Amino acid sequence: MRNFLLACVVFLICGVTTSYAAERTAIIFPDVREPYRTIFRDIVTGVKNSSAVTPLIYSFDENWRAEELRAWVSTNQITNLVVLGNQALNLAHAGNLTDVRITAGAITNWPNHVAVNGVAYLPAPSALFKELTRYANTVRRVHVIYESSVNAWQVEIAQREIERLGFSLQVYKVASLQEAAKTYSNLLSGINPKTDAIWLPLDDQSLDSRVILPMILKESWNRAIVVFSSNPAHVSRGVLFSLYPDSRYLGQQLVPLSQATTASVLPADKLKKAFNIRTAEHLNINITDAELKKIDILFPAR
């Protein structure tokens with residue numbers, strides 16, 4: 001039986017690789033500043049390490065337009081296009097590349113009307129909630145405020161998974177930053193720090209770093225409320241923890257997805273962790289030396 005299963009796995013892997021190799025593949029992503037450039041290049045490395053072909057790689061500047069992409073695809077006879085980042089996905093969608101298979105990676109805002117296969121640059125909600133149980137075992141309810149046009153898919157996944165983990169999810173749909181600020185203000189004043197926590201999704205339509213995030217951090221510090229996030233940058237500001245994708249593994253995931261026949265968006269499921277030790281100490285959360293060694297980014301740096 002073991003040999004039979006092994007043969008099945010080899011057959012599936014070879015099947016994917018052979019089909020992938022038969023296509024003319026390219027990867028495009030915007031020419032952006034660090035650390036985003038390194039993220040894209042690590043994803044490209046993951047794709048290259050998992051495929052039998054060497055894809056054509058192009059980093060485009062902000063002046064590249066949909067018609068130029070369409071001409072570039074035609075000239076290079078591309079049949080399989082991997083787009084990295086929101087800008088690349090929007091460009092490919094505008095280009096109406098009907099004869100090209102498109103796979104998207106490292107997307108943070110996923111428009112509901114764009115049907116492609118891909119992996120978002122977002123942690124799986126279930127992984128975030130499991131991590132929460134490590135540090136706040138009295139919490140039973142998680143609150144999340146979000147703008148539905150870009151994050152409804154992620155909240156729907158969270159709603160399916162959270163009850164299985166023993167939590168309830170209280171969702172607040174907003175349409176603007178002003179509405180989000182008012183909703184956060186009401187939430188922070190009425191929340192029970194012992195039983196409730198706040199999840200910050202990666203959503204610049206409902207959460208800005210200049211006004212709303214400082215308000216959340218100030219009130220959560222004063223009231224000892226556990227706040228966790230899908231954005232590791234929030235941890236350096238004072239959020240307790242965040243999980244973020246392993247970029248090379250995300251690239252590996254894109255190869256078989258490019259052969260899938262039905263459109264689906266997946267959150268990343270192999271993750272790294274950012275953690276704020278100062279916030280943990282303020283919340284009376286004890287972390288062992290063994291746990292500290294498993295953290296990928298620790299704030300403040302030691």
Side-chain angles (χ1 to χ4, degrees), residues 35 38-39 42 46 108 119-144 154 157-170 187-188 191-202 207 209 213-250 252-253 266-302:
T38 295
I39 290 173
D42 282 347
T108 54
V119 180
Y121 201 79
L122 296 168
S126 60
L128 284 168
F129 301 147
K130 286 178 183 175
E131 197 66 23
L132 177 63
T133 63
R134 292 171 175 262
Y135 312 119
N137 56 17
T138 63
V139 168
R140 291 292 175 268
R141 183 167 55 176
V142 175
H143 301 262
V144 60
Q154 190 183 179
I157 293 174
Q159 286 177 312
R160 289 198 300 269
E161 296 177 343
I162 196 164
E163 289 186 6
R164 180 169 52 83
L165 298 171
F167 298 104
S168 64
L169 185 66
Q170 187 69 47
L187 173 62
L188 288 162
I191 201 171
N192 183 342
K194 292 185 178 179
T195 58
D196 294 25
I198 297 175
W199 167 32
L200 305 182
L202 200 58
L207 179 60
S209 60
L213 181 60
M215 176 184 70
I216 296 169
L217 295 173
K218 179 181 178 181
E219 291 302 314
S220 64
W221 184 271
N222 290 340
R223 299 198 59 215
I225 299 168
V226 174
V227 180
F228 61 102
S229 176
S230 297
N231 185 349
H234 290 166
V235 182
S236 66
R237 303 280 299 272
V239 165
L240 179 61
F241 74 88
S242 176
L243 302 176
Y244 60 100
D246 180 318
S247 298
R248 293 196 179 191
Y249 183 78
L250 192 155
Q252 295 172 20
Q253 287 182 281
L266 304 174
D269 57 9
K270 185 173 183 180
L271 304 166
K272 297 184 176 182
K273 178 163 61 176
F275 190 84
N276 192 307
I277 191 68
R278 180 182 293 162
T279 302
E281 291 170 353
H282 180 72
L283 294 171
N284 292 319
I285 296 172
N286 296 317
I287 304 296
T288 66
D289 289 342
E291 289 174 318
L292 284 174
K293 291 179 180 177
K294 296 178 182 178
I295 294 171
D296 298 281
I297 305 177
L298 187 65
F299 296 103
R302 290 186 168 180

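Values reported hereafter were calculated over all heavy atoms of this structure, with side chains retained and with hydrogens, waters and symmetry mates removed. The structure displayed is predicted, hence computed values, not measured ones.
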Interatomic distance, Asn137 atom CG to Arg134 atom CZ [nearest 0.5 angstrom]: 13.0 Å
Minimum-distance pair of heavy atoms, taken over all atoms of Leu250 and Tyr121: CD1-CD1, 3.9 Å
NZ of Lys130 to CG of Leu243, rounded to nearest 0.5 Å, is 11.5 Å
Residues in side chain to side chain donor-acceptor pair (under 3.5 Å) with Thr279, at least two apart? Asn276
Residue list, salt bridge (Lys or Arg N to Asp or Glu O under 4.0 Å) with Asp196, at least two apart or on another chain: Arg141
If every non-hydrogen atom of Ser247 is compared with every non-hydrogen atom of Asp42, which pair is closest and at what distance? CB-CB, 3.6 Å
Is it true that Glu281 and Arg278 make a salt bridge, defined as a side-chain N closer than 4.0 Å to a carboxylate O? no
Before giving the answer on side chain to side chain contact (heavy atoms under 4.5 Å, CB included), spell out for Trp199 and Leu132 the whole-Å C-alpha distance, their side-chain angles and the decisive distance to 0.1 Å. CA-CA 10 Å; Trp199 167 32; Leu132 177 63; over 6 Å; no
Atom pair NZ (Lys194) and OG1 (Thr138), whose distance is rounded to the nearest 0.5 Å: 8.5 Å
With a 4.5 Å heavy-atom cut-off, do Pro214 and Arg237 have their side chains touching? yes
Do any side-chain atoms of residues 289-301 form donor-acceptor pairs under 3.5 angstrom with protein atoms, and if so which ones, sequence neighbours left out?
{"unit_1": "Glu291", "atom_1": "OE1", "unit_2": "Thr288", "atom_2": "N", "d": "3.0"}
{"unit_1": "Glu291", "atom_1": "OE1", "unit_2": "Thr288", "atom_2": "OG1", "d": "3.4"}
{"unit_1": "Asp296", "atom_1": "OD2", "unit_2": "Lys273", "atom_2": "N", "d": "2.8"}

Using the six-membered ring wherever Trp is involved, compare the ring planes of Phe228 and Phe129 and label them parallel, tilted or perpendicular (cut-offs 30° and 60°). perpendicular
Leu207 versus Ile216: any side-chain heavy-atom pair under 4.5 Å? yes
Could you please spell out the steps behind the side chain to side chain contact (heavy atoms under 4.5 Å, CB included) verdict for Glu131 and Leu128? CA-CA 5 Å; Glu131 197 66 23; Leu128 284 168; 5.7 Å; no
Kindly write out the residues that satisfy side chain to side chain donor-acceptor pair (under 3.5 Å) with Thr133, not counting sequence neighbours, or none if the list is empty. none
Identify the heavy atoms of Arg164 and Ser126 that sit nearest to each other, and give their distance. NH2-CB, 4.5 Å
Quick one: does Glu219's side chain have a donor or acceptor within less than 3.5 Å of a partner on Leu188's backbone? no
Before giving the answer on side chain to side chain contact (heavy atoms under 4.5 Å, CB included), spell out for Leu200 and Asn231 the whole-Å C-alpha distance, their side-chain angles and the decisive distance to 0.1 Å. CA-CA 8 Å; Leu200 305 182; Asn231 185 349; over 6 Å; no
Pair listing, side chain to side chain donor-acceptor pair (under 3.5 Å) test, anchored in residues 220-229, at least two apart: Ser229-His234
Work out which heavy atom in Tyr249 is nearest to a heavy atom in Asp269; give both atom names and the distance. CE2-OD1, 3.4 Å
With sequence neighbours left out, the residues meeting ring-ring contact (aromatic ring centres under 6.0 Å, His included) with Tyr244 are none
Spacing of CD1 belonging to Ile162 relative to CG belonging to Leu169, to within rounding of 0.5 Å: 4.5 Å
Donor-acceptor pair, distance only, cut-off 3.5 Å: does the side chain of Ser230 make one with the backbone of Leu122? no
Leu240/Val227 under side chain to side chain contact (heavy atoms under 4.5 Å, CB included): CA gap, chis, key distance, verdict: CA-CA 6 Å; Leu240 179 61; Val227 180; over 6 Å; no
Spatial distance of atom CG (Leu266) from atom CD (Gln253) [nearest 0.5 Å]: 7.0 Å
Work out which heavy atom in Ala127 is nearest to a heavy atom in Leu271; give both atom names and the distance. CB-CD1, 3.5 Å
